[in-house]
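Here is the structure we will look at, set down as structure tokens.
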Amino acid sequence: MSATFTVTRDQVISLALRKLGVLELGVTPDATEIANASLSLNLLIKQMSTDGLKLWKVNTVVLPLTSGKTYYSVGPSSAGTMDLVVDKPLKVIQAWIRNTSVTPNIDTPMQILSKQEYNTLGSKFSTGVANSIFWDIKQNYGKMYVYLTPDSATATNYQLHFVCQQPLSDILNPQDIPEFPNEWMNTLVWNLADQLAIEYGVSQDRRAEITAKAENYRTKLEDWDVETTSSFFQPDIRMKTKIGRAHV
């Protein structure tokens, strides 16, 4: 017995077409059907990257710091000259700066700033040990702004670590396995069927049934795919300080 069952790209496509009732058992889709369904599947996966947290795509990235450098380009090499080559982070969730000059290393949490907060900082080029970051996402990459700008000692002795959500990988080959946990494969099949239903002229009643199943499976998994530890909320004392000053 095992618990590793999964399906390939072409199996997902065949299953989806059978859900639509346009592919008989034992029949293989032709090249045109495969190409069209593959296009729809990859567009679906791109869109699904933005729904929920996708815990299996949350990774820790290490960004080396450079003396006097205020921002760093982070993304795939296809986007141009990058300071750090990785899949484009969609969201930055947590960050800390690590002092590697001591044993054991010491981590200090960093503040993640909004664009408005970063824009209202004073001298963005003041140097020292960075304590805040601002993630500015672009079309194919992102810019990581650090504040303070690292000086030579910081660049030598510290590393910036951040936790981010990265996009789901494309599936371009027949035997590629979608970058989803096995528990997601049925959801992927039904959502692809939902995407293709209009193209294949499926009746309105059947489309409604397929859409309902697709949404039901997807909602259940997105409700399940969450952190299992508790979350805590507290007031942002920086906003309190700003409001207090405004009344003075």
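Predicted, not measured: the structure shown is a model, and the values here were computed from it.
Put simply, the side chain of L23 reaches to within 4.5 Å of the side chain of P29, judged on heavy atoms. Two residues are said to be in side-chain contact when any heavy atoms from C-beta on lie closer than 4.5 Å; Q159 and L65 fail this criterion. L168 is listed as a side-chain neighbour of F180, based on a closest heavy-atom distance under 4.5 Å. Put simply, the side chain of S73 reaches to within 4.5 Å of the side chain of M82, judged on heavy atoms. Residues I133 and Q111 form no side-chain contact, since every pair of their non-hydrogen atoms from C-beta on lies 4.5 Å or further apart. By the 4.5 Å heavy-atom criterion applied to side chains, M144 and L160 are counted as neighbours. Between L148 and V129 the shortest side-chain heavy-atom distance does not fall below 4.5 Å.
Residue P64 comes nearest to Y72 through the heavy atom pair O-CE2, 3.9 Å, listed as atom of the first residue, atom of the second, then distance. When all heavy atoms of K19 and A193 are compared, the closest pair comes out as CB-CB, 4.1 Å. Minimum interatomic distance between G142 and W135 (heavy atoms only, all atoms of both residues): CA-CH2, 3.3 Å. Shown here for P178 and M185, the closest heavy-atom pair between the two residues is O-CE, 3.5 Å. Of all heavy-atom pairs between N182 and A3, the closest is ND2-O, 3.7 Å.
E199 and N36 share a side-chain donor-acceptor pair at under 3.5 Å. No side-chain donor from either of N191 and Q195 sits under 3.5 Å from a side-chain acceptor of the other.
Applying the side chain to side chain donor-acceptor pair (under 3.5 Å) criterion to S126, with sequence neighbours excluded, gives S123. Applying the side chain to side chain contact (heavy atoms under 4.5 Å, CB included) criterion to D30, with sequence neighbours excluded, gives T32, E33. Remark: T70 engages T149 in a side chain to side chain donor-acceptor pair (under 3.5 Å) (not counting sequence neighbours).
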Evaluation steps, side-chain hydrogen bond (donor to acceptor under 3.5 Å, both in side chains), between S169 and E179: CA-CA 6 Å; S169 298; E179 194 179 21; 2.7 Å; yes
Trace of the side-chain contact (heavy atoms from CB on, under 4.5 Å) decision for R9 with N173: CA-CA 7 Å; R9 184 203 70 174; N173 301 306; 5.7 Å; no
From CA spacing to verdict: side-chain contact (heavy atoms from CB on, under 4.5 Å), N59, Q165: CA-CA 6 Å; N59 299 308; Q165 180 185 349; over 6 Å; no
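Not a single donor-acceptor pair under 3.5 Å links the side chain of S14 to the backbone N or O of Q11. Judged by distance alone, with hydrogens and angles left aside, the side-chain atoms of T219 form no donor-acceptor pair with the main-chain N or O of N216 at under 3.5 Å. The main-chain N or O of W184 is never found under 3.5 Å from a side-chain atom of Y217 such that the two would form a donor-acceptor pair. Without hydrogens or angle criteria, K54 side chain to Q166 main chain gives no donor-acceptor distance under 3.5 Å.
Residue pairs meeting the salt bridge (charged side-chain N to carboxylate O under 4.0 Å, His left out) criterion with at least one member in residues 139-157: none, sequence neighbours excluded. Residue pairs meeting the salt bridge (charged side-chain N to carboxylate O under 4.0 Å, His left out) criterion with at least one member in residues 62-75, sequence neighbours excluded: K69-D83.
V189 and F5 fall within a single hydrophobic cluster, where Ile, Leu, Val, Met, Phe, Trp and Tyr side chains are chained together by heavy-atom contacts under 4.5 Å. Hydrophobic clustering (side-chain heavy atoms under 4.5 Å, transitive across Ile, Leu, Val, Met, Phe, Trp, Tyr) keeps L43 apart from L188. If you chain together hydrophobic residues whose side chains sit under 4.5 Å apart, L15 and I177 fall into the same group. Note on Y71 and L121: same hydrophobic cluster, where clusters join Ile, Leu, Val, Met, Phe, Trp and Tyr whose side-chain heavy atoms are under 4.5 Å apart, directly or indirectly. No continuous path of ILVMFWY side-chain contacts below 4.5 Å connects I171 to L39, so the two sit in separate hydrophobic clusters.
The one candidate from I45, D176, N42 that meets the side-chain contact (heavy atoms from CB on, under 4.5 Å) condition with D170 is N42.
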Please table the atom pairs, donor to acceptor, closer than 3.5 Å between any side-chain atom in residues 84-107 and protein atoms at least two apart or in another chain.
| from | atom 1 | to | atom 2 | distance (Å) |
| --- | --- | --- | --- | --- |
| K88 | NZ | Q139 | O | 2.8 |
| R98 | NE | D107 | OD1 | 2.7 |
| R98 | NH2 | D107 | OD2 | 2.9 |
| N99 | OD1 | S101 | N | 2.9 |
| N99 | OD1 | S101 | OG | 2.6 |
| N99 | ND2 | Y158 | OH | 3.4 |
| T100 | OG1 | N157 | O | 3.0 |
| N105 | ND2 | V102 | O | 2.8 |

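Atoms CD1 and CG, from I198 and D194 in turn, are 8.0 Å apart once rounded to the nearest 0.5 Å. Rounded to the nearest 0.5 Å, atoms OH (Y145) and CG (D136) are 5.5 Å apart. The structure places CD1 of I112 at 15.0 Å from OH of Y118, a figure rounded to the nearest 0.5 Å. To the nearest 0.5 Å, the span separating OG on S40 from CD1 on I13 amounts to 9.0 Å. For the atom pair L41 CG and K46 NZ, the distance stands at 11.5 Å (nearest 0.5 Å). Atom-to-atom distance recorded for L44:CG and L196:CG is 9.0 Å, nearest 0.5 angstrom.
For K115 and F134, the positive end is not near the middle of the six-membered ring at less than 6.0 Å and at most 45° from its axis.
Between R207 and D205 there is no salt bridge, since no side-chain nitrogen of the basic residue lies less than 4.0 Å from a carboxylate oxygen of the acidic one. Between D51 and R218, at least one side-chain nitrogen of the basic residue sits less than 4.0 Å from a carboxylate oxygen of the acidic one, meeting the salt-bridge criterion.
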